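Order of the sequence lines fixes the chain letters, A, B, ..., with proteins taken first and strands second; residue numbering starts at 1 for each chain. As the structure is a computational prediction, the values presented were derived from the model and not from experiment.
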Amino acid sequence: MNSQELWVQAYGRLKSCKSISTTQLKQLHAFIIKTRPLPLPTQHLMYPKLTSSTEKNFTHILSFLNHLEKPDLCLSLYNAIIQGLPSNPNNKASSLRQVLELLKHMLVNGLLPDNYTVPSVLKACAQSRALREGQQMHTYAIKTGLVLSNVYVKNTLMRLYAVCGVINCVRNLFDEGPQRDLVSWTTLIQGYVKMGLPREGVEAFFDMCDAKMMADEMTLVIVLSACSKLGDLNLGRKINEYIYANGVYRDVFIGNALVDMYLKGGDADFAYKVFNEMPVRNVVSWNSMISGLAHQGKFKEALDVFREMQRIGLEPDDVTLVGVLNSCANLGVLELGEWVHAYVDRNRIEADGFIGNALVDMYAKCGSIDQAFRVFQGMKRRDVYSYTAMIVGLAMHGEVEMALDIFAEMPRMGIEPDEVTFIGVLAACSHGGLVAEGHKYFRDMSSVYRLRPQTEHYGCMVDLLGRAGLINEAEEFVKNMPIEPDAFVWGALLGACRIHGKVELAESVMKKLLKVEPERDGAYVLMSNIYSSANRWKDAVKLRRVMKGKNMKKIPGCSSIELDGVVHEFKKGDKSHKRSKDIYKLLDEIMSHVKNHELLAH
DNA sequence: GTAGGGTTAG
């Protein structure tokens, strides 16, 4: 066989194979060196097929290129290779490096990027959030006029700035030039939503409708996620109507986005309905249900959905497990939480990031503070969420000193605390009666960390002062607040009044509390307890009567235990359980034991 | 031949 015939044979084989192994690559490499020049169609078949992005293969690609000469070394060949380079999600930096290496190679060989090269390079930049490199491409695209003449260039540039969080540049690119298509609109909307500006995203969608541009599934998925983030059920319903009215295909992405939107908007029943009617479901569909229900405080339902998922044999992923752990944490279901931990270990899932943080939180909330600490210490990478979960957990368990030690460790690890971290820190001070320290941390919040204290932080301080017996100081603290006190603050002050039997102050605080939160029964309950403690039974009864007449939203005290995989929920005064008589009998026994114990202790 | 999609924490 002469070399021409061999190439024909190689061409046929390449055409039918999907990818190419390193060994085959090496053989072809040797072959090329021996039988140059290489027929062009063969190259164009071969290079995009190099789909295993090992460093080794990339070295081969480069050495291929080094053996080629013009006219084999042409722009379309480079474009095919750059585009064919698989993005390696585990090593984005390496993928970008390879793309830039190829770019350099083509420049050295006197070839300039065209309207196909620029988008693929920009895509790689966006994937690695390489703003600098992307900006260089932007400059080039301006000089060559590609930004204005080619919508792919414009859109990939917009995407680059969107993922890098430079929303102004996204908007400017969108506004300049006559070229804009559905992808431009979608990228603009996505840019806003990803920046945490869902309102602006929705507005851009309305602008798009005004511009008579029709949305497709991809656009609507993003718009739905914006509605979900806004918790705007009415808007979400309108989008669903749009989907119906325009006959948009309800693919699994749309279905998942709808499920998420309905749950975050508070319509769990409709979310179930959408979920049940979906012709195709994937793990994200289940995750949307589980985390959405957990988000709504329907933890038991979330676990029921998880059990159903297990029953049909669908493998959970890490998002599933985070939702399950979150539900366990809030129900205090340690047993299932431990099962998830074992599952994570068994499947060699890294107990870092979301999973690690959720485990720390779950153990802490389930009372296993030692286990929480063990997971925390075992984490390779800890972030502000890990630290906060640990600090809040320790504070809840009264491990004041340790909570503050962990907090002190944060700057050494280069991790900035945020608002929630300080809730834990102040709660720790409150439990430890550390008034001076509490004041200091509260001041540090704004002076050192540039965080603006919110009503929750003021509430913590009021709680701290109240528990320490400084009721006047607590009252003074509320008076001097630069922001409007809300239910959290008034509630804390009312709690302080309860401890110190300050009936008159309590009465005025209750009025304030009812003003900001008229629908809840908490203020009445607390106040009637204050009356009772002060032996003012008549007032207490009167208050209870007012409550009954007002049809208040009752938020009953609730607890749950898990027994043999079944979660039993108990509400205050609840008699719905099959064995409720036995339960109350046992409860009475326990209470009398406790009381005896208390008497002995005094 | 190219570009845009859903779910996760304290």
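Taking the ring centroids of A:Tyr387 and A:Phe376, they lie under the 6.0 Å cut-off. For A:Tyr458 and A:Phe488, the ring centers are positioned 6.0 Å apart or more. Taking the six-membered ring for Trp and the full ring otherwise, the centers of A:Phe275 and A:Tyr262 sit at least 6.0 Å from each other.
Between A:Lys264 and B:dT8, a side-chain N or O to OP1/OP2 separation shorter than 4.0 Å is present. Of the side-chain N and O atoms in A:Arg159, none sit less than 4.0 angstrom from OP1 or OP2 of B:dA3. Residue A:Asn326 places at least one side-chain N or O closer than 4.0 Å to OP1 or OP2 of B:dG10. For A:Lys154, no side-chain nitrogen or oxygen approaches OP1 or OP2 of B:dT2 to under 4.0 Å.
Pairing each heavy atom of A:Lys298 with each of A:Ala268, the nearest pair is CE-CB, 3.8 Å.
Computed from coordinates, the A:Asn330 CG to B:dA9 C1' distance equals 11 Å when rounded to whole Å. One can place CZ of A:Arg250 at 16 Å from C1' of B:dG5, the figure rounded to the nearest angstrom. Atom CE in A:Met379 sits roughly 13 Å away from atom P in B:dG10 (whole-Å rounding).
Nearest to the side chain of A:Gln190, among B:dT2, B:dT7, B:dG4, sits B:dG4. For A:Asn79, the listed nucleotide lying nearest its side chain is B:dG1; candidates were B:dG10, B:dG1, B:dA3. Nearest to the side chain of A:Asn287, among B:dG5, B:dT7, B:dG10, sits B:dT7. Distance from the side chain of A:Asn155 is smallest for B:dA3 among the nucleotides B:dG10, B:dT7, B:dA3. Comparing B:dG10, B:dA9, B:dT7 against the side chain of A:Ser291 picks out B:dT7 as the nearest. In this structure, of B:dG4, B:dG10, B:dA3, it is B:dG4 that holds the atom nearest to the side chain of A:Met218. Closest approach to the A:Val322 side chain among B:dG5, B:dT8, B:dG1 is made by B:dT8 (side chain taken as heavy atoms from C-beta onward).
In terms of polar N and O atoms assigned as donor or acceptor, the side chain of A:Asp216 never comes within less than 3.5 Å of the base of B:dG5 in a complementary pairing. One cannot find a donor-acceptor pair under 3.5 Å joining the base of B:dG4 and the side-chain atoms of A:Thr187. If you check distances only, the side chain of A:Asp383 never reaches the base of B:dG10 with a donor-acceptor pair under 3.5 Å. Scanning atom types as modelled, no donor and acceptor separated by under 3.5 angstrom connect the side chain of A:Ser76 and the base of B:dG1.
You can call A:Phe253 stacked on the base of B:dG5; the centres are under 5.5 Å apart and the planes sit within 30°. Residue A:Tyr385 and nucleotide B:dG10 are not classified as a stacked aromatic pair, given the requirement of ring centres less than 5.5 Å apart at an interplanar angle below 30°. Look at A:Tyr116 and the base of B:dG1; the rings stack, centres closer than 5.5 Å and planes less than 30° apart.
Using a cut-off of 4.0 Å between Lys/Arg side-chain N and Asp/Glu carboxylate O, A:Asp269 and A:Lys273 are scored as not salt-bridged.
Of the possible polar contacts, one joining the A:Lys154 side chain to the A:Gln179 backbone as a donor-acceptor pair under 3.5 Å is found.
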